Each structure stands twice: as structure tokens, then as C-alpha cells.
*Asks:* 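Okay, here's the structure, questions in a sec.
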There are 2 protein chains.
Amino acid sequence: MQLDMAFAALADPTRRALLARLALGEATVMELAQPFAVTQPAISRHLKVLEGAGLIERRVEGTKRPCRLSPAGLAPLEAWMEQLRRSMTANYDRLDGVLAEMTQAKKDDMP
Amino acid sequence: MQLDMAFAALADPTRRALLARLALGEATVMELAQPFAVTQPAISRHLKVLEGAGLIERRVEGTKRPCRLSPAGLAPLEAWMEQLRRSMTANYDRLDGVLAEMTQAKKDDMP
DNA sequence: TCCTTATATTACATATATTTTATATAAATC
DNA sequence: GATTTATATAAAATATATGTAATATAAGGA
């Protein structure tokens, strides 16, 4: 699934750093690889993973392949997390309601 | 790192389903395992991963180990994604500014 | 055309993840 | 105390991920 690949892509610190770099603007593979202690093929693989996850896009520009963030790529992740938090919060609100009722009952019981 | 473990935890569909179930309220290991086609030890391991990632917490209640979501667990992930989106947006805004300037210059050039 | 630059791909080694079966532990119940 | 119930752990198989070194490809420039 797409969520699988996207979350898995974010689980690697090198890939998160690549995304953080790309958030500042487009960059070529070499530019992206330069700050890291890994080889160029390793970066190429990471970029492939990020592309497969829909998190980046690439152009062809002569012999270069500039990468940029795919702004829509984060949306499914954010949506999933937001929904989780929403149902969690709804449940807690319900619990709060129950607790409030119990407290009220106690008050009624012995004022 | 914590982000590594949390994102990796979310990369598995079974674990995401466990979290979705827990968003509705506390549940024991058996209750959590019941809907799935995997064995109980597999679920125990998944829960261990989720706990290691700070996404769930567990109580001891006799022979049962009820699990519940750890509300704070999602925060680092949300923060990371929000920051990425923020710097991405900031950059796009800047680009928009540059484009606006270029457009303006063009206008000035040939009105 | 030859050389260089930018990137991808392959082959391979190593490490990590996922699952199952079998077994251990410890509380609950009879 | 023996048995059942709920869960954890260990061992082993398989799969997947990550990295490197070597090589391929293809565009650009001398």
C-alpha cells in the first residue's frame, strides 16, 4: 500500500534529511549526496524509495535529474494521523463525559 | 532514533490497524489479535514494536495486559511533518515572491 | 571521437523484520 | 494442587533493507 511505502520511507534518517534538504528547493543527485557519508548509489536508491512513496518527483535535465518534493505526497500520511487522533480524541471526550456523569451522580448522592 | 522507530512502526498495516482499534479504547492482547489472520505471538511482537516506538502503553491487570494509545506518541511525528511542510511552504512562498518580481520586472520592461 | 560528468544498475554481503511453532510463565479457577 | 487462560519468549525460516564496489549509460565538452 501507499501508506506502507510512505511511512517506511520516512523511517530512515538519511531519507528524512534528503526531504528536509529538498524542502529548501530542487537539487540534483550529486548535490543531495554531497553532505552524506554514503556513496552515490546509496543515495540513488534512497531517492528511488522516496519517489516510489510519492514523496518526491524528478525531472530529466540533460545528464542531471533534479529532484523536488511532491507537495501532495505528505497528504495521505497527515490524513491518516489526523484521523487517528480524531477518533482517539472523540473517545477521550466520551470518557470525559462518562466521568463527568459519574461525578455528577456522586454529587447528587451526597450533596 | 525515536522518529525512526515511530515511522517504521506505522509502516506496517497490521500495526496501523491495531492503533486504529486502540483509538476506540483500551483492549487486551487477545481482543486485539482476534480480528487478524496472524498468531498471538505475532501480535505480541507488533505490540512490542508499538510500545518501543512510544505509540502505546500497557498496564498489568492480573494475567491480562490491556493496551491503550499513548496520546503523546504521535506528537513527534506530527511535529516533524509539520516542520517539513512549513519549510517547504516557506520556500514556495519565496519562489512565488521571485516569480512576482520577475513578472513585475517584465511589466516595467514593456508596459 | 575521446574523455568526463551525472546517474542508474547489478552483484553481493550483511543486517533487520516478520512470521510460525513450540515452550515458558504466571495469574485464575476448579 | 492441578488445570486453564493470557501473554511472553526462543528458535528457526524466510523475506526485505541497506550498503559497497564495479560497471553501464548517456549527455556534454575538449
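These values consider heavy atoms only, across backbone and side chains, with no hydrogens, waters or symmetry-generated copies. Predicted model, so just to flag it, every value in this text is computed and none were measured.
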*Asks:* For Ala9(B) versus Leu50(B), what's the shortest heavy-atom pair and its separation?
*Replies:*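 Heavy-atom minimum between the residues: CB-CD2, 4.1 Å.
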*Asks:* Do Gln40(B) and Ser44(B) get their side chains close enough for a donor-acceptor pair, meaning under 3.5 Å?
*Replies:* yes
*Asks:* Identify the 5'-most and 3'-most nucleotides of DNA chain D with at least one atom closer than 4.0 Å to a non-hydrogen atom of chain A.
*Replies:* dT18(D) to dG28(D)
*Asks:* Looking at side-chain heavy atoms only, is the closest gap between Leu32(A) and Leu22(A) below 4.5 Å?
*Replies:*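 The answer is yes, as the side chains (C-beta and beyond) meet within the 4.5 Å cut-off.
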*Asks:* Please tell me which of Lys64(B) and Val38(A) maps to the more 5' nucleotide of DNA chain D, matching each residue to the nucleotide holding its nearest heavy atom.
*Replies:* Lys64(B)
*Asks:* So with a 6.0 Å cut-off around CD of Gln2(B), is the heavy-atom count from everything else above 12?
*Replies:*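 Buried by this count: over 12 neighbours within 6.0 Å.
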*Asks:* Donor-acceptor pair, distance only, cut-off 3.5 Å: does the side chain of Arg15(B) make one with the backbone of Leu10(B)?
*Replies:* no
*Asks:* Please work out which residues in residues 40-49 of chain B have a non-hydrogen atom less than 4.0 Å from an atom of DNA chain C and list them by number.
*Replies:*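 DNA chain C contact set from residues 40-49 of chain B: Pro41(B), Ala42(B), Arg45(B), His46(B).
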*Asks:* Nearest whole Å is fine: how far is dA8(C) C1' from Glu51(A) CD?
*Replies:* 12 Å
*Asks:* What's the CZ-C1' distance between Arg58(A) and dA6(C), to the nearest Å?
*Replies:*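 Distance, rounded to whole Å: 12 Å.
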*Asks:* Return the value, rounded to whole Å, for the distance between atom CG of Asp12(A) and atom C1' of dT16(C).
*Replies:* 13 Å
*Asks:* Please figure out whether Arg15(A) or Arg65(A) has its closest DNA chain D nucleotide nearer the 5' end.
*Replies:*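 Here Arg15(A) is the residue nearer the 5' end.
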*Asks:* Given Arg68(A), which partner from the list Glu31(A), Glu51(A), Glu57(A) fulfils the salt bridge (charged side-chain N to carboxylate O under 4.0 Å, His left out) test?
*Replies:* Glu57(A)
*Asks:* Using every non-hydrogen atom in the two residues, find where Thr14(A) and His46(A) come nearest and quote the distance to one decimal.
*Replies:* CG2-CD2, 3.8 Å
*Asks:* Let me see the working for Leu3(B) and Leu77(B) under side-chain contact (heavy atoms from CB on, under 4.5 Å), right down to the final yes or no.
*Replies:* CA-CA 7 Å; Leu3(B) 279 178; Leu77(B) 306 183; 3.6 Å; yes
